[in-house]
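Working notes, beginning with the structure itself.
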Number of protein chains: 2
Amino acid sequence: MSCENAVRRLSEYRRILCKLKALGFTKVFSDHLAGAIDVSPALVRKDFADFGLTGNRKSGYSVGELIDKLNRILLKEHTEEVIMVGCGGIGRALMNYNGFAGEGIRITAGFDSNPDLQNCDAAIPVLDISRLEVYINSHRIRTAIMTVPETYAGTMADRLAAAGIRAILNFSPITLKNLPGCFIRNVNFLYELENVIYFSAQDTPE
Amino acid sequence: MSCENAVRRLSEYRRILCKLKALGFTKVFSDHLAGAIDVSPALVRKDFADFGLTGNRKSGYSVGELIDKLNRILLKEHTEEVIMVGCGGIGRALMNYNGFAGEGIRITAGFDSNPDLQNCDAAIPVLDISRLEVYINSHRIRTAIMTVPETYAGTMADRLAAAGIRAILNFSPITLKNLPGCFIRNVNFLYELENVIYFSAQDTPE
DNA sequence: AGCAAATGAATATAAAAATATCGATAAAAA
DNA sequence: TTTTTATCGATATTTTTATATTCATTTGCT
């Protein structure tokens, strides 16, 4: 699991810091951030220390400085271009998801083998899957989202890795393992829902 | 984090066991299951022990028996009815997602405040949000999926909990804490993607 | 029947993750 | 200037999670 959790917390810190900045705050304390994301202040300081984020004794951390450094760590200094592989219902919904654009992430193209889904002229073009490798190469894409049927997920991941993709967010219903040189993060809707259903039947799930 | 991870592994075990059953296997060993989901055999045995799943020394576990017991634990002996709160792009995509139906989960209704999205006659009706409480009560719904804008997420979660919902799968872009009597699991697309992007820039992310 | 091999079950160990503690220090107050 | 106070930074502790190890038992073979 390496440091996935810590990196995810960085995203959470960043979100809160941006809100604080919008409210005009310039300083923040580990205590406050800790309360906001429900961890201990010690963990906030440790996370920051681990990623080279420093503060000042007595006067806490500078909001602006933290955001700048987090932007560097999370690759937000430029717009990150991402492709969508598989453009069924979930894929298209994510292509239209409005939560990425303002956060320095752009889905620049989709790929699907079904001609009915292809559309070169759309705001985000959906191309035939055969054009995958050329596109990745010419656009220097490093990150892909995958929403393909289970049957194709494994081979498609191999294909993406071979084409130079360095990390995949995989929504297909099969859990894939990291490949050499390619990080894979699996999100399985069925498992998440089964999990929630399990806890819906537990006593005082709080 | 309680035992979320263990429950998620139960989902994974179950998926693999169903495939083994389809292939005609009747017995399975912790070693095999461990390899399939990339953990140690000891963890498989411990997970099983923790949830009361037993096997036989020398002859392993019975595939059929494991599936039956997992079905009981994961509430798969009946069809679980779930509602969708917020029927924008992601919500509708999940309502049409074909990965739930065959797994004993049915999204029976959607709710949205936007009249344009409402449709009483659809396969899965989308009702006005004002009908939420009555529906939950009359259909004895315990589980909800939430895909509402950030602004409404907090109050909507409170409202769901007050209406009797026991667990929420929250896709809205704000991390919610468990409420008294209501478990909340957050899935944040932006954080997941930021995570993946982070690792796309690390060396040998494997 | 008796024995060897293999495996679950239980326990112990290790590794990882989160929290608590404490000293140093900078800012504010006296 | 001195004192006080609040907070970071570093370390130690605890807790949680996962893995090894050991033991006992079942099965199949001779």
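So you know, we letter chains A, B, ... as the sequences are listed, proteins then strands, and number each from 1. Hydrogens, waters and symmetry mates are skipped; everything else that's a heavy atom, side chains included, is used. Since we're looking at a predicted model, the values are computed, not measured.
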For the side chain of [X], counting heavy atoms from C-beta on, which of [options] is nearest?
X: Ser40(A); options: dT7(D), dG8(C), dT19(C); result: dT19(C)
X: Ala42(B); options: dA18(D), dA20(D), dT27(D); result: dA20(D)
X: Lys58(A); options: dA6(D), dA9(C), dT7(C); result: dA6(D)

Subject >> N or O in side chain of Tyr61(B) less than 4.0 angstrom from dA9(C) OP1/OP2 >> reply: yes

The answer to which of Ser30(B) and Asp47(A) contacts DNA chain C further toward the 5' end, by nearest nucleotide, is Ser30(B)

task = Let me know, please, whether Pro41(A) or Lys46(B) comes out on the 5' side of the other along DNA chain C by nearest nucleotide.
result =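 It is Lys46(B), whose closest nucleotide lies nearer the 5' terminus.
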
Over how many whole Å does the gap from [X] atom [atom1] to [N] atom [atom2] extend?
X: Asp50(A); N: dA17(C); atom1: CG; atom2: C1'; answer: 11 Å
X: Arg45(B); N: dT21(D); atom1: CZ; atom2: P; answer: 12 Å
X: Leu10(B); N: dT17(D); atom1: CG; atom2: P; answer: 14 Å
X: Asp31(B); N: dT19(D); atom1: CG; atom2: P; answer: 13 Å
X: Arg57(B); N: dA6(C); atom1: CZ; atom2: P; answer: 17 Å
X: Asn56(A); N: dA10(D); atom1: CG; atom2: P; answer: 13 Å
X: Leu53(B); N: dA9(C); atom1: CG; atom2: C1'; answer: 13 Å
X: Asn5(B); N: dA17(C); atom1: CG; atom2: P; answer: 11 Å

Paired with Ile83(A), the side-chain contact (heavy atoms from CB on, under 4.5 Å) test is passed by just one of Thr143(A), Leu132(A), Ile124(A), Ile145(A), namely Leu132(A)

**OP:** Answer with yes or no whether the side chains of Glu81(A) and Thr108(A) bring together a donor and an acceptor at under 3.5 Å.
**Re:** no

Is a side-chain donor-acceptor pair under 3.5 Å present for Tyr152(B) with Ser172(B)? no

Practice problem: Measure up the Phe171(A) and Phe189(A) rings against each other and bin them: parallel (under 30°), tilted (30 to 60°), perpendicular (over 60°). | Solution: parallel

Practice item. Mind telling me whether Phe199(B) and Phe183(A) have parallel, tilted or perpendicular rings, with 30° and 60° as the class edges? Key: parallel

Mate of dT1(D) across any strand shown (Watson-Crick or G-U wobble, both atom pairs under 3.5 Å) is dA30(C)

Pick base, sugar-phosphate or nothing for Phe48(B), based on heavy-atom distances below 4.0 Å to the nucleic acid.
->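 The answer is nothing, as Phe48(B) stays clear of every strand by at least 4.0 Å.
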
